[in-house]
Number of protein chains: 2
Amino acid sequence: MTHKINHLAIVVPNLDQALHFWRDALGLPLARTEENPEEHVNIAFMEVGTSHIELLEPTEPESGIGKYLDKRGPGMHHVCIEVDDIAAMMNRLLEHGIELINDSPKTRKNDGIQYCFIHPRSTSGVLVELYELPS
Amino acid sequence: MTHKINHLAIVVPNLDQALHFWRDALGLPLARTEENPEEHVNIAFMEVGTSHIELLEPTEPESGIGKYLDKRGPGMHHVCIEVDDIAAMMNRLLEHGIELINDSPKTRKNDGIQYCFIHPRSTSGVLVELYELPS
């Protein structure tokens, strides 16, 4: 069983301002930017070693991320951990009484990544995402 | 210039309860535990790929981490990014107008790691620690 941090997601009010720190000052390479109109966010992916930092800028105050920013302020939103077998891991978590947000893995259309979320109530306060990369 | 996520620190009300998720259920290897009476925290370091997750349990409500838990609740506290040359990086950050919490790198007695903190005002809301490992 192996794990790695795939990415750490950060909610920011303004992507350009955030890039001033993470890219220009700290010097993390910008891997790519992405507009996600369905989720109402603009995203920038920064490389940091074998992981990424994902900057999320809401484009709509009433969206999920927009409301999060309004309620909690900017900062770390979730950590995504890559696992070998997400279905087996979800079963294992349920056997340990861990509360999952998704009943079964979801699959992203664009890249085939399978993912699910674990409820912060079960993790000591952290929204945890799991990824299984396509083989 | 290289970077990696050295660790992600999470403030938890109870270390045993947190280990039930991070170690027993998710299966991250427990690298070590540590008592830090000066900072009034008990710490557990979990391995996740080439990074660590650091669980911080305050042992004193009036300590820095104790007050943080009381005010913000459990969750992600800071992310630590390893850099090659911390002094050069601190100069670079200052040149970009970034606000540092420490004027110069501090050195830990037990392992020689040099570290400093960057103010969340400059990072879009994230407390960022920098590490330079001893060569």
Side-chain angles (χ1 to χ4, degrees), chain A residues 1-15 17-22 24-29 46-53 55-57 69 72-79 81-83 89 92-99 118 120-128 130, chain B residues 1-15 17-22 24-29 46-53 55-57 69 72-79 81-83 89 92-99 118 120-128 130:
Chain A
M1 191 164 54
T2 63
H3 307 79
K4 64 174 274 197
I5 295 179
N6 182 282
H7 64 266
L8 175 65
I10 299 170
V11 176
V12 307
N14 182 287
L15 213 47
Q17 210 171 39
L19 286 170
H20 173 69
F21 169 69
W22 294 95
D24 304 339
L26 188 59
L28 298 188
M46 321 294 307
E47 291 173 24
V48 53
T50 59
S51 302
H52 285 86
I53 282 178
L55 302 173
L56 300 168
E57 175 198 57
L69 179 63
R72 306 277 310 235
M76 293 186 277
H77 181 265
H78 68 267
V79 59
I81 295 178
E82 229 175 276
V83 297
M89 177 58 78
R92 184 186 155 110
L93 293 172
L94 290 173
E95 283 166 14
H96 282 83
I98 302 302
E99 188 177 347
I118 305 171
R121 270 195 291 270
S122 289
T123 66
S124 296
V126 180
L127 180 60
V128 177
L130 298 180
Chain B
M1 191 163 54
T2 61
H3 307 78
K4 65 174 272 198
I5 296 179
N6 181 282
H7 64 264
L8 174 65
I10 299 170
V11 176
V12 307
N14 181 286
L15 213 45
Q17 209 171 40
L19 287 170
H20 173 68
F21 170 68
W22 294 95
D24 304 339
L26 189 59
L28 298 188
M46 321 295 306
E47 292 173 23
V48 53
T50 59
S51 303
H52 285 87
I53 283 179
L55 303 173
L56 300 167
E57 175 199 57
L69 178 63
R72 307 279 307 238
M76 293 186 278
H77 181 265
H78 68 267
V79 59
I81 294 177
E82 229 175 275
V83 298
M89 178 57 79
R92 183 186 157 112
L93 293 172
L94 289 172
E95 283 166 13
H96 282 83
I98 302 301
E99 187 178 347
I118 305 171
R121 269 195 290 270
S122 288
T123 66
S124 297
V126 181
L127 179 60
V128 177
L130 298 180

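Given the structure is predicted, the values throughout are model-derived calculations rather than measurements. Proteins get letters first, then strands, A, B, ... in listed order; numbering begins at 1 in each.
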With chain B, which of A:Pro13, A:Pro29, A:Gly27 has the greatest number of heavy-atom pairs at distances under 4.5 Å?
->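 Ranked by heavy-atom pairs under 4.5 Å with chain B, first place is A:Gly27.
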Which one of A:Glu82, A:Glu95, A:Met89 has the most heavy-atom pairs closer than 4.5 Å to chain B?
->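 Max contact count across the listed options: A:Met89.
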4.5 Å side-chain heavy-atom contact, B:Val126 and A:Trp22 |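 In short, these two side chains touch, coming nearer than 4.5 Å.
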Between [X] and chain B, with a heavy-atom cut-off of 4.5 Å, which part of the residue counts as in contact: side chain, backbone, both or neither?
X        : value
A:Leu26  : both
A:Ile5   : both
A:Met76  : both
A:Thr123 : both
A:Val128 : side chain
A:Leu55  : neither

Separation between [atom1] of [X] and [atom2] of [Y], rounded to the nearest 0.5 Å:
X       : Y       : atom1 : atom2 : result
A:Ile53 : A:His7  : CD1   : NE2   : 11.0 Å
A:Leu69 : A:Glu57 : CG    : CD    : 9.5 Å
A:Glu47 : A:His52 : CD    : NE2   : 4.5 Å
B:His78 : B:Ile10 : NE2   : CD1   : 10.5 Å

What residue, out of [options], has the most heavy-atom pairs lying under 4.5 Å from chain A?
options                              : result
B:Val11, B:Val83, B:Val79            : B:Val79
B:Thr50, B:Leu127, B:Leu8            : B:Leu8
B:Ser51, B:Gly97, B:Pro120, B:Ser122 : B:Ser122
B:Thr2, B:Leu28, B:Leu94, B:Ile118   : B:Leu28

Closest non-hydrogen atom pair, A:Ser124 against B:Val12 |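 Residues A:Ser124 and B:Val12, closest heavy atoms: CB-CG1, 3.5 Å.
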Which heavy atom of A:Arg92 sits nearest a heavy atom of B:Asp24, and at what distance?
->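 Smallest heavy-atom distance, with atoms named: NH2-O, 2.8 Å.
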